[in-house]
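Encoded as structure tokens, the structure appears first; notes follow it.
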Amino acid sequence: MKQPRIILSGGGTGGHIFPAIAIANALKEKRPDAVILFVGADKRMEMERVPAAGYEIVGLPVRGFNRSRLLSNVSVLVDLLRSLLKARRLVRQFKPDVAVGVGGYASGPLLRAAAAAGVPTLIQEQNSYAGVTNKLLAAKAAAICVAYPDMERFFPKEKILLTGNPVRSDLLQALDKRGEALEAYGLDPSKRTLLVMGGSLGARTLNESVIAGLDQLAAATDVQVIWQTGRYYHASILERLEGKIPANVRVLEFLQTMNLAYAAADLIVSRAGASSISECCLLSKPVILVPSPNVAEDHQTRNAMALVKEEAAVLIPDAEAVQRLIPEALSLIHSPVQLKALSTHIVKLAQYDSDKRIADKILDLIPSQS
């Protein structure tokens with residue numbers, strides 16, 4: 001059989017990187033001889049995380065547009081042109097059988113270059129509301145893997161495959177490790193656990209909401225908290241709260257054992273990124289979603305509303321979170337009936353084996369495997 005050569009492009013956040021790595025791992029399981037190259041954005045977190053997972057990555061100088069300072073976008077356009085030229089060069093040199101875009105800055109230039117060279121392309125659209133780049137790329141895509149139903153609003157129906165979003169393989173294995181998880185985080189098995197996570201970089205609103213509610217959390221003696229602040233905010237929060245962190249609150253920059261953090265949690269507070277939602281669905285975890293207002297097309301609110309309409313999550317708008325989040329989280333975590341209802345409804349939205357199903361489609365797109 002022909003040795004598959006596959007490019008995976010995208011990144012920028014863990015929400016793009018971890019699914020891409022999951023797809024790569026699934027491809028390797030199915031075809032150990034596959035040659036896989038990642039293409040990311042220079043100086044973004046994928047340039048560290050992908051090599052740590054055992055894969056080669058090449059960076060493009062592509063950056064996002066600055067909507068508040070339009071004049072600064074002249075240099076962004078220059079970098080975009082440089083990225084398109086470098087992407088064309090990579091496609092010529094690597095000679096991929098298929099190019100895959102998982103979202104993030106690098107997907108656009110790479111998939112455009114691949115399509116122009118006649119390489120079959122696959123888009124993995126994570127959100128319930130498709131971004132502008134993916135809508136433009138869809139015209140020449142051979143297949144579009146989506147996480148939500150009714151995506152024919154954005155893409156040609158005949159190209160769509162409902163697969164869900166891939167998640168890290170260790171998450172599902174942690175479901176029966178609650179005892180180990182509580183021990184790992186130094187938590188009390190007799191208390192309910194609230195997990196607040198703002199992603200690897202952090203979420204300012206979630207952090208400010210926890211700070212505003214610290215006295216209420218301290219008073220809730222039957223509740224304990226894992227609070228992931230994110231890299232951008234951790235040092236300043238520790239300095240700001242020196243000597244004022246309640247004993248029942250664990251303050252962490254990054255969750256190195258995300259699987260155990262999920263296993264410990266009775267209730268989760270999160271942004272409404274596609275990967276986080278997919279993980280909560282698969283793990284049947286009750287969640288309060290605080291959509292980020294700083295994303296294209298307000299897609300996080302749309303992601304959250306897709307769950308809310310199924311009574312599978314609670315939504316608190318970003319502008320109201322500082323006042324509402326901790327009081328409502330404490331009320332909910334003390335209501336076993338509500339927690340059970342959310343858990344029951346959210347797991348119905350789970351899509352299983354997403355990484356394997358996407359890998360199968362990628363391999364199907366290879367023009368000849370004989």
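Keep in mind it's a predicted model, so treat the numbers as computed, not measured.
- Between the CG atom of D318 and the OG1 atom of T205 there is a distance of 3.5 Å, given to the nearest 0.5 Å.
- Taken from CG in L60 to NZ in K86, the straight-line distance is 6.0 Å, to the nearest 0.5 Å.
- For the pair L90/V39, a side-chain contact is recorded, criterion being any heavy-atom separation below 4.5 Å from C-beta on.
- Partner of N165 under the side chain to side chain donor-acceptor pair (under 3.5 Å) criterion, out of Q126, Q124, E125: Q124 alone.
- Between K2 and D33 there is no salt bridge, since no side-chain nitrogen of the basic residue lies less than 4.0 Å from a carboxylate oxygen of the acidic one.
- Listed by chain and number, the residues in a salt bridge (Lys or Arg N to Asp or Glu O under 4.0 Å) with D222 are R192 (sequence neighbours excluded).
- In this structure, F18 and R49 approach most closely via the heavy-atom pair CZ-NH1, 3.6 Å.
- The side-chain hydrogen bond (donor to acceptor under 3.5 Å, both in side chains) check on S128 picks up N303, with sequence neighbours excluded.
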Please walk me through it: do T193 and Y185 pass side chain to side chain donor-acceptor pair (under 3.5 Å)?
CA-CA 11 Å; T193 303; Y185 284 98; over 6 Å; no
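- Under the 3.5 Å distance criterion, with hydrogens and angles disregarded, a donor-acceptor pair is assigned to the side chains of Q351 and R357.
- No more than 12 heavy-atom neighbours from other residues, nucleotides or ligands sit within 6.0 angstrom of CD on E239.
- For Y55 and N25, the side-chain atoms include at least one donor-acceptor pair closer than 3.5 Å.
- Remark: R302 is positioned above the aromatic ring of Y129, its terminal NZ or CZ atom under 6.0 angstrom from the ring centre and at most 45 degrees off the axis.
- Note that R231 lies outside the cation-pi zone of F254, set by a 6.0 Å cut-off to the ring centre and a 45° limit from the axis.
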